[in-house]
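Report on one structure; see the data block that follows.
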Amino acid sequence: MKQITMILALIFICSIFPLKILTAEEMTALKILQYTDEIRVPKKDYRVTARIISKKPGKEDKIAVYEIWMKGKDKTIIKTLEPAMDKGTSLLMLRYDLWAFLQNISKPLRISLQQRLFGEAANGDIARANFSGDYDPVLKDTVIIKGKEFYILELTAKDERVTYHKVNLWVMKDTYYPLKGDFYAFSGKLLKTCYYTKYEMLLDKMRPTRLVLDNPLVDGQKTIIDYSNMALDDFPDRVFTTNYLKKLKY
């Protein structure tokens, strides 16, 4: 009698809160994306240096350097080291919320992940790297490029606060290495194409240490992000607060 009662109760609960049954394709797409995330960034807390070069046709290159602290998937601090005029500017990300602290302003300013940080790089390109948490993936196709097989994933944003509305991501089938991504605005406009290159052994995995962001509207206009000095760390939670931004040392 108890078993019948429990079964009836489960049927009632499921009728109110229907379970989403993932198809084989959806499960595969999600797994591919999760494996790719593990290639792009470590699972554990870490710090890394990002050197960004902005290139525009006919103009001198501009360079910025940042130190990035990441705790879990939803907490990030970005410290601006160069250029000298911006040194001391800090960014704090908590989930989808982002604040900027400038040395000459007493209170942090609320900004968005979509805003441009430097060159073609948006705040979210540096602050947030959680594709599998931020997007719903669908496996659209597989293609052969130079004898290698690649998955093509279409990622759709779960929340409008993320950096991009949609991403088309090419992932190598054998290794789950990302090859490139096309990033789209909520309007459907192609904002940039990112190439993941220069794979090196970092924290026991081969990871892309260079990202090349191409502007689709201006030939030769691009931004190069080089990552170095990646190391595991154990950051206390109190560091990731707006009050702590003022205490950061440079």
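When reading the values below, keep in mind they use all heavy atoms of this one structure, side chains included, and skip hydrogens, waters and symmetry mates.
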(message) Once rounded to the nearest 0.5 Å, what's the spacing between atom CD1 of I68 and atom CD1 of I77?
(response) 12.0 Å
(message) Run the side chain to side chain donor-acceptor pair (under 3.5 Å) test against D237 and tell me which residues pass, sequence neighbours left out.
(response) K75
(message) Testing Y199, W170, Y196 one by one against Y177 for a ring pair (Phe, Tyr, Trp, His ring centres under 6.0 Å), which residue passes?
(response) Y199
(request) Determine whether C194 and K180 make a side-chain contact, defined as any pair of heavy atoms from C-beta on separated by less than 4.5 Å. (result) no
(message) Under the criterion side-chain contact (heavy atoms from CB on, under 4.5 Å), I'd like the reasoning laid out for N130 against Y135: C-alpha separation, chi angles, the key distance, then a yes or no.
(response) CA-CA 8 Å; N130 186 17; Y135 296 90; over 6 Å; no
(message) Using the side-chain contact (heavy atoms from CB on, under 4.5 Å) definition, which of the options L169, V167, N168, L213 pairs with F183?
(response) V167
(request) Could you tell me whether a side-chain N or O of R116 sits under 3.5 Å from a main-chain N or O of G119, the two making a donor and an acceptor? (result) yes
(message) Strictly below 4.0 Å, N to O, side chains only: are D125 and K192 in salt-bridge contact?
(response) yes
(message) What I'd like to find out is whether the side chain of K198 reaches to under 4.5 Å of the side chain of P208, using heavy atoms alone.
(response) no
(request) Compare every heavy atom of G124 with every heavy atom of T163, then report the nearest pair and how far apart it is. (result) OG1-CA, 3.2 Å
(message) With a 6.0 Å cut-off on the ring centroids, do Y184 and Y164 count as close?
(response) no
(request) For side chain to side chain donor-acceptor pair (under 3.5 Å), just list the numbers for T80 and D86, CA-CA rounded to whole Å, side-chain angles, deciding distance to a tenth of an Å, and then say yes or no. (result) CA-CA 7 Å; T80 306; D86 295 328; over 6 Å; no
(message) Applying side-chain contact (heavy atoms from CB on, under 4.5 Å) to F150 and K173, what does each step give before you reach the verdict?
(response) CA-CA 5 Å; F150 289 83; K173 187 173 182 180; over 6 Å; no
(request) Evaluate whether atom NZ of K71 has more than 12 neighbouring non-hydrogen atoms of other residues, nucleotides or ligands under 6.0 angstrom away. (result) yes
(request) Answer yes or no: is there a side-chain heavy-atom contact under 4.5 Å between L211 and I224? (result) no
(request) Output the distance between atom CG (L248) and atom CD1 (I78), rounded to the nearest 0.5 Å. (result) 12.0 Å
(request) Walk me through it: do V48 and N229 pass the test side-chain contact (heavy atoms from CB on, under 4.5 Å)? (result) CA-CA 5 Å; V48 68; N229 305 320; 5.9 Å; no
(request) Answer yes or no: does atom CE of M85 have more than 12 heavy-atom neighbours from other residues, nucleotides or ligands under 6.0 Å? (result) no
(message) What I'd like to find out is whether the side chain of L153 reaches to under 4.5 Å of the side chain of V138, using heavy atoms alone.
(response) no
(request) Using a 4.5 Å cut-off on heavy atoms from C-beta on, say whether the side chain of I111 contacts that of N123. (result) yes
(message) Please list all pairs meeting side chain to side chain donor-acceptor pair (under 3.5 Å) that have one or both residues in residues 53-69, counting only residues at least two apart or in different chains.
(response) R47-E67, K55-D61, E67-W69
(message) Between K79 and K249 (side chain of the first, backbone of the second, donor and acceptor by atom type, cut-off under 3.5 Å), is there such a pair?
(response) yes
(request) Could you walk me through whether D37 and S132 pass side chain to side chain donor-acceptor pair (under 3.5 Å), step by step? (result) CA-CA 7 Å; D37 272 353; S132 55; 2.7 Å; yes
(message) Minimum heavy-atom separation for P137 and L155, please, with both atom names.
(response) CB-CD2, 3.5 Å
(request) Measure the CG-CG distance between L91 and L117 for me, rounded to the nearest 0.5 Å. (result) 6.0 Å
(message) Does V41 form a side-chain contact (heavy atoms from CB on, under 4.5 Å) with Y46? I'd like the steps, not just the answer.
(response) CA-CA 9 Å; V41 293; Y46 69 97; 3.4 Å; yes
(request) Calculate, to the nearest 0.5 Å, the distance between atoms CZ and CG belonging to R51 and L81 respectively. (result) 12.5 Å
(message) Between D182 and T193, do the side chains contain a donor N or O and an acceptor N or O under 3.5 Å apart?
(response) yes
(request) Quick one: do Y96 and D134 satisfy side chain to side chain donor-acceptor pair (under 3.5 Å)? Show the steps, please. (result) CA-CA 10 Å; Y96 299 124; D134 291 343; 3.1 Å; yes
(request) With sequence neighbours left out, write down each residue that passes salt bridge (Lys or Arg N to Asp or Glu O under 4.0 Å) with E38, or none if nothing qualifies. (result) K43
(message) What's the separation between atom CD1 in I63 and atom CZ in F118, rounded to the nearest 0.5 Å?
(response) 8.0 Å
(message) Contact between V171 and Y35 at the side-chain level, heavy atoms closer than 4.5 Å - yes or no?
(response) no
(request) Can you run down the side chain to side chain donor-acceptor pair (under 3.5 Å) pairs that involve residues 202-212, sequence neighbours left out, and say none if there aren't any? (result) R210-D226
(message) Whether the side chain of R128 engages the backbone of R95 through a donor-acceptor N/O pair (distance < 3.5 Å, no angle test) should be reported.
(response) yes
(message) Can you list everything that forms a salt bridge (Lys or Arg N to Asp or Glu O under 4.0 Å) with R161? Sequence neighbours excluded, please.
(response) D159
(message) To the closest 0.5 Å, what do you measure between OG1 (T76) and CG (L94)?
(response) 8.5 Å
(request) List in chain and number order the residues that pass salt bridge (Lys or Arg N to Asp or Glu O under 4.0 Å) with R110, two or more places apart in sequence or in another chain; answer none if no residue qualifies. (result) D97
(message) Tell me whether the rings of Y176 and Y151 are parallel (<30°), tilted (30 to 60°) or perpendicular (>60°).
(response) parallel
(message) When you compare the side chain of Y195 with that of D214, does any pair of heavy atoms fall below 4.5 Å?
(response) yes
(request) May I ask you to decide if A157's main-chain N or O and K166's side chain share a donor-acceptor pair within less than 3.5 Å? (result) no
(message) Between Q115 and S112 (side chain of the first, backbone of the second, donor and acceptor by atom type, cut-off under 3.5 Å), is there such a pair?
(response) yes
(message) Other residues, nucleotides and ligands only: do more than 12 of their heavy atoms fall within 6.0 Å of NZ on K158?
(response) yes
(message) Tell me the closest heavy-atom pair linking I126 and M70, and the distance in Å.
(response) O-CE, 3.3 Å
